[in-house]
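Reviewing the structure listed below.
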Amino acid sequence: MIVKPLCAALGAVVLAGCVNVGIGGGKAPEQLLTLTSTATVATGTMREGRLDNALAVAVPAVPRHLDVARVPVQTGGNSLAYLADAFWVEKPASLFQRVLVETIRAGGSRMVVTGGELEYGARTQLDGELLAMDYDAAMSRVVVRFDAVLRQPDGTIRQRRFESEETGVLPTAAAVAPAMNRAANDVAAQVAQWVG
């Protein structure tokens, strides 16, 4: 009879230990940043096609400084910091992939697939590396840079670098977040036009 209350109490203690989202045991951030696509597909839009004609968009590779839920700050030379009080809701590569997918889908009639077996079945693959989604302190700007790799059904591989920057950005989460969103959407639009 004591077992059930004891298990419930232990479960509550274990759950309490899992809820802390702060860094280093600190308090939770006041807000989390995300990216949203400015190009959207209307609700109810339907596309139909064959998987071998679809475009698969992979989560891009990233350098280590972007493989975290923080906003990197280039502080000059070879030094790097992270913007205070700026935390992504998830890692930048996944956020950028979703903006890219939505932008490509909204731009035309191409069927776009992501994840799982569908991604591997598509004969056209868009991959690449998100090289920068950073704040440059010396220049007061945000920079988004993406090296895209497009593998086509005939085996041809095309590569191209895309970049966008927003200048005059204050070093605060409130200023960096919308500037980063605009730059990411600009890069996504460039890539969407390139892949057709």
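Only this structure's heavy atoms are used, side chains among them; waters, hydrogens and symmetry mates stay out.
Put simply, CD on Q74 and CE on M139 are 12.5 Å apart, with the number rounded to the nearest 0.5 Å. Rounded to the nearest 0.5 angstrom, L126 CG and T114 OG1 are separated by 12.0 Å. Distance CG/L83 to CH2/W88: 10.0 Å, rounded to 0.5 Å.
Under the salt bridge (charged side-chain N to carboxylate O under 4.0 Å, His left out) criterion, R151 pairs with D127, sequence neighbours left out. Q193 is linked by a side chain to side chain donor-acceptor pair (under 3.5 Å) to nothing, counting only residues two or more places apart in sequence or in another chain. Considering only residues two or more places apart in sequence or on other chains, Q97 meets the side chain to side chain donor-acceptor pair (under 3.5 Å) condition with none of them. With sequence neighbours left out, N78 forms a side chain to side chain donor-acceptor pair (under 3.5 Å) with no residue at all. Every residue meeting the salt bridge (charged side-chain N to carboxylate O under 4.0 Å, His left out) condition with D136, not counting sequence neighbours, appears here in chain and number order: R141.
A continuous path of ILVMFWY side-chain contacts below 4.5 Å connects V62 to M133, so both sit in one hydrophobic cluster. Transitive grouping of hydrophobic side chains (ILVMFWY, heavy atoms separated by less than 4.5 Å) keeps L100 and L131 in distinct clusters. Following chains of ILVMFWY side-chain contacts shorter than 4.5 Å, one can reach V57 starting from V191, so the two form part of one hydrophobic cluster. One hydrophobic cluster holds both V144 and L66 under the rule that ILVMFWY side chains link at heavy-atom gaps under 4.5 Å.
Here the closest heavy-atom approach between residue P63 and residue L130 is recorded as CD-O, 3.1 Å. In this structure, L33 and A86 approach most closely via the heavy-atom pair CD1-CB, 3.9 Å. Heavy atoms only, all atoms of each residue included: S164 and A183 are closest at CB-O, 3.5 Å.
Side-chain contact between F87 and R70 is present, with at least one heavy-atom pair separated by less than 4.5 Å. Side chains of V71 and V142 form no contact here, defined as non-hydrogen atoms less than 4.5 Å apart. Side-chain contact check for Q159 versus D147: every heavy-atom pair is 4.5 Å or farther apart. Side-chain contact between S140 and V169 is absent, with no heavy atoms from C-beta onward closer than 4.5 Å. Looking at heavy atoms from C-beta onward, P60 lies out of side-chain contact with E129 at the 4.5 angstrom threshold.
Sorted by first and then second residue, the pairs that involve residues 55-68 and meet salt bridge (charged side-chain N to carboxylate O under 4.0 Å, His left out), not counting sequence neighbours, are D67-K91. Residue pairs meeting the ring pair (Phe, Tyr, Trp, His ring centres under 6.0 Å) criterion with at least one member in residues 136-170, sequence neighbours excluded: F96-F146, F162-W194. Within the structure, salt bridge (charged side-chain N to carboxylate O under 4.0 Å, His left out) pairs that include any residue of residues 174-183 comprise E166-R182 (at least two apart or interchain). Among residues at least two apart or in separate chains, there is no salt bridge (charged side-chain N to carboxylate O under 4.0 Å, His left out) pair with a member in residues 167-177.
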Could you go step by step and tell me if L150 and L55 meet the side-chain contact (heavy atoms from CB on, under 4.5 Å) rule? CA-CA 10 Å; L150 185 65; L55 170 68; 4.0 Å; yes
From CA spacing to verdict: side-chain contact (heavy atoms from CB on, under 4.5 Å), V89, L95: CA-CA 9 Å; V89 70; L95 293 172; 4.0 Å; yes
Under the criterion side-chain contact (heavy atoms from CB on, under 4.5 Å), I'd like the reasoning laid out for N53 against T124: C-alpha separation, chi angles, the key distance, then a yes or no. CA-CA 7 Å; N53 291 329; T124 306; over 6 Å; no
Quick one: do E102 and V41 satisfy side-chain contact (heavy atoms from CB on, under 4.5 Å)? Show the steps, please. CA-CA 7 Å; E102 185 71 9; V41 177; 3.8 Å; yes
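Side-chain contacts under 4.5 Å among hydrophobic residues (ILVMFWY), followed directly or transitively, place Y82 together with V68, L80. Apart from V149 itself, the hydrophobic cluster it occupies contains I157, where clustering links Ile, Leu, Val, Met, Phe, Trp and Tyr at side-chain heavy-atom distances under 4.5 Å.
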Indicate every side-chain donor-acceptor pair of residues 172-181 with a distance under 3.5 Å to a residue at least two apart or in another chain.
residue, atom, partner, partner atom, Å
T172, OG1, A175, N, 3.2
N181, OD1, T36, N, 2.7
N181, ND2, T36, O, 3.3

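Here the side chain of R123 pairs no donor or acceptor atom with the backbone of Q152 at under 3.5 angstrom. With hydrogens and angles disregarded, a donor-acceptor distance shorter than 3.5 Å links the side chain of N185 to the backbone of T38.
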